[in-house]
Amino acid sequence: MDKHTVIEEAIALIPNGADIMIGGFGSPGTPFTLIEELLRQGQTDLTLIKNDANETGIGISRLIENGQVKKLITTHIGLNKKVVDLMNDGSLEVSFFPQGILAEKIRTAGAGSFGFLTDIGLHSEITDKKDIIDWQGKQVKIEPALYANFALFHAGRADTFGNLTYRATAMNFCPLMAMAAETVIVETPNLVTPGSIAPETVHTPSAFVSKVVKIDASGPEYDLMEGRYEP
Amino acid sequence: MDKHTVIEEAIALIPNGADIMIGGFGSPGTPFTLIEELLRQGQTDLTLIKNDANETGIGISRLIENGQVKKLITTHIGLNKKVVDLMNDGSLEVSFFPQGILAEKIRTAGAGSFGFLTDIGLHSEITDKKDIIDWQGKQVKIEPALYANFALFHAGRADTFGNLTYRATAMNFCPLMAMAAETVIVETPNLVTPGSIAPETVHTPSAFVSKVVKIDASGPEYDLMEGRYEP
Amino acid sequence: MSLERILKRAAHEITDGQTINLGIGVPTMLVNYLPADRDVMIHSENGVLGAGRKASVATADPALIDAGGSYITTRPGGAFFDSAVSFAMIRRAKLDMSVMGAFEVDQEGNLANWKIPGKFSPGIGGAMELAQKTKNILILCTHQDKHGNSKILKKCTLPLTAEKCVSRIITDMAVMDVTKDGLVLKEIAEGLTIEQVVQATDADLILGEEVRSF
Amino acid sequence: MSLERILKRAAHEITDGQTINLGIGVPTMLVNYLPADRDVMIHSENGVLGAGRKASVATADPALIDAGGSYITTRPGGAFFDSAVSFAMIRRAKLDMSVMGAFEVDQEGNLANWKIPGKFSPGIGGAMELAQKTKNILILCTHQDKHGNSKILKKCTLPLTAEKCVSRIITDMAVMDVTKDGLVLKEIAEGLTIEQVVQATDADLILGEEVRSF
């Protein structure tokens, strides 16, 4: 039940061509240290699933800039001009979903269901007519669940069994991805013994977690970014 | 934003014929005090949605025994012989779902979706052939979302805005019902000021809660039941 | 200047007790125009209810941002939650109002603010669900683009974010309401005439009973 | 007596590091037959991972029960969660084993344990999802009903909980494995002969290479 492991072994589980969900809405929740190791090990042809592309030079943008990523499934990459350019020149395939729909597709996989029925964007250009069905007297869209081989994200605190808590807005997609991916690798700066996290405050129960890696989190990615606060 | 109100007014919002989700798996989470007031006010023709029927003489069983309930949507009523008898003699309509499917139907309504695709019980007697579709090369069942006019449940702690936390297994269906019902009435023995509950530990955010009622919780329903512990 | 006029006017739309979402960009700046005692619950789609003003270096927490990436403060009685719950809140219409920007908005209340084909397509973000599911959509935008073309149209030309979703539009020139009869001119900016506003607007404007200045 | 034999034998199926669900009734009693140092994570579908033995009056908490309604203790490293997450765990096959009772189980591994039409239909509970989605289903039941009829059948007659889901069956008379070739007799209760077990069983039993006593 002890899932604590070293980062090299955890990331070495990932083969070329893997589908990987990456936690984080912007920086909070992004597993910068796990990403760094993935960059070092150099797995290629990856499909990444993340809310955004981080910003140029940090997080998954580094994997994309390094040519390790074949496809990005995301919701908004407006804060990363470099990745927008790579998309526009055709070197990166990008697939967009509305933010809550991406979250719900992942959560639906996490619940062991195959898809859900929605009306979001039903008559917009994001909907392919073949996904629309007539059901109970109205038109609805079938949105398929989105599974992945791996999920990588950051947790503010974890015990060695893999019970997790997230800090503030670092929660975002992480608990959903934990449920949806086959193998779930978590980095945390605060690794504690089982029993240290009150069972009522656990955000992600250990059953959804495969590997826990203790990290340092002293790098600049984990610190404040300039210009994003009031002077 | 202050949702604190008196129990009489909160329960008086419920008309005859309402659909009401009731929290609780067994006793924990069951809003015994709100139910008592519903018994006193006497609304009839109710459809109740609850994991179980509590046990004879307590909780929603009292509403059923009192003839206020037309229909029960549930998953298992094996611990309540009285309600099983009322079902068998035709005086109570009962509709059963697998437990996780009932939870997921409620959660799907809570997410603002219309239904989800599942294979649970696909080829069993609980599945009507009309709900099966061929989709992506396999058969799946469309399970519709389950909405309700009201949700009533117990929270271990609440602030006056309606941020809630649950204790131990009293969580069960409560956070799902909070999302799925139009009007959500919560009883709590611990009503605190906004800011008293750390934002990371909130189980149900205030946006999903309509009314908060402070209760005494000194009655025997809130205490241990005999014979359920090791002697 | 025109931005400030829009924000000052928009601040009056926010009343005590509301739960609102402020879109990335100009709408987010609205926080700074609200009276300090305005008792609102601001939702940010990355998982916050109870967002406050931008944080300072001293108060900023690297794990606490709004959907635009700025470090924020929170008010007492707030909560954090995951993205599925955040959008459940949106799709279940628990927000009283969403304040959004626009590339184009038309007299039927159609809104285009997510994509300019061939020029700007960074993704959808939360806009589509907010626009489609929030009870009241308040649009804040300049009345005309930098080439002097009206953003307030008879009919949107860009891909829509959502159909017939807009309630009210506040620009640097006017306040307009989408009604079942069409787009009603309610207020004009101080110093302008009704004729000037009509002239600058592609949409058909219905003159309200009383057109006030703001 | 026969119950104790089943439970004692079943306790050997639970190994360190497993995550398991114990069904209401006999399976739940298994907790008391595990060695104190057996390092398992017990799931209860009402929203617990890390359930322990039944609580005493002194340790019982009115808000902490298992799915059968008994007050329980929890182990360090446990967690509480809502019913949707609890069944997500089940449907995503995060449990290594579910231990369940049975009215009938057949040689193809079909299981009937939720309904006896016209006699017993208290509802489905969590059984259908546990049976359909858990990797290993261990059935604990008496070999025969009180009228002496075999519960281990060629073909179930009652409405199924799930098809072809059972891995192993432990009764007061035998331990049997469902294999692709059929139902294999692995062990028989001490004091019984293979013939007696075969006699008491409706299903076709394949004799394992070595049939041991337990």
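Proteins get letters first, then strands, A, B, ... in listed order; numbering begins at 1 in each.
- Separating the OG1 atom in B:Thr169 from the CG atom in D:Asp82 is a distance of 12.5 Å, to the nearest 0.5 Å.
- Atom CG of B:Asn51 sits about 9.0 Å away from atom CD of D:Glu45, to the nearest 0.5 Å.
- Of all residues in residues 180-188 of chain B, none places a non-hydrogen atom less than 4.5 angstrom from a non-hydrogen atom of chain D.
- Side-chain N or O atoms of D:Tyr71 include one that pairs as donor or acceptor with a backbone N or O of B:Met225 at under 3.5 Å.
- With chain D as partner, the option from B:Val84, B:Leu122, B:Leu176 having the largest number of non-hydrogen pairs under 4.5 angstrom is B:Leu176.
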### From CA spacing to verdict: side-chain contact (heavy atoms from CB on, under 4.5 Å), D:Glu163, B:Ser124
CA-CA 9 Å; D:Glu163 293 174 4; B:Ser124 79; over 6 Å; no

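- Residue-environment remark: NZ (D:Lys8) stays at or below the threshold of 12 foreign heavy atoms within 6.0 Å.
- The structure places NZ of D:Lys115 at 8.5 Å from CZ of B:Phe96, a figure rounded to the nearest 0.5 Å.
- A donor-acceptor pair is defined here as one N or O able to donate and one able to accept, closer than 3.5 Å; such a pair exists between the side chain of D:Glu129 and the backbone of B:Ile101.
- Using a 4.5 Å cut-off between heavy atoms, B:Leu102 does not touch chain D at all.
- Here D:Phe80 contributes atom CZ and B:Asn172 contributes atom CG; the two are 12.0 Å apart, rounded to the nearest 0.5 Å.
- Across D:Gly47, D:Ala88, D:Ser86, D:Gly69, the residue that shares the most heavy-atom pairs under 4.5 angstrom with chain B is D:Gly69.
- Residue D:Lys135 places its NZ atom among more than 12 non-hydrogen atoms of other residues, nucleotides or ligands, all under 6.0 Å distant.
- Distance alone, capped at 3.5 Å, places no donor-acceptor pair between the B:Glu104 side chain and the D:Ala84 backbone.
- Across all their heavy atoms, B:His76 and D:Gly123 have their closest contact at CD2-O, 3.7 Å.
- Residues B:Ile126 and D:Ile124 share a closest heavy-atom pair of CG2-CD1, 3.7 Å.
- Counting heavy-atom neighbours within 6.0 Å of B:Lys70 NZ, excluding the residue itself, gives a total above 12.
- Side-chain contact between D:Ser83 and B:Gln99: absent, with no pair of heavy atoms (C-beta onward) separated by less than 4.5 Å.
- Residue contact with chain D, scored on non-hydrogen atoms closer than 4.5 Å, involves the backbone and the side chain of B:Pro98 alike.
- Both the backbone and the side chain of B:Ile120 have a heavy atom closer than 4.5 Å to some heavy atom of chain D.
- Inter-residue side-chain proximity for B:Met87 and D:Ser121 is flagged as met; some heavy-atom pair is nearer than 4.5 Å.
- No other option in B:Arg107, B:Lys81, B:Glu125 has as many heavy-atom pairs under 4.5 Å with chain D as B:Glu125.
- For residues 52-66 of chain D, a heavy-atom distance under 4.5 Å to chain B picks out D:Lys54, D:Ala55, D:Ser56, D:Val57, D:Ala60, D:Asp61, D:Pro62, D:Ala63, D:Leu64, D:Ile65, given by residue number.
- Of the two parts of B:Asp119, the backbone and the side chain both hold a non-hydrogen atom closer than 4.5 Å to a non-hydrogen atom of chain D.
- If you measure heavy-atom distances from D:Ala131 to chain B, you find no contacts under 4.5 Å at all.
- The contact between B:Arg167 and chain D is made by backbone and side chain atoms together, counting heavy-atom distances below 4.5 Å.
- Neither the backbone nor the side chain of B:Tyr166 comes within contact range of chain D; no heavy atom of the residue lies under 4.5 Å from a heavy atom of that chain.
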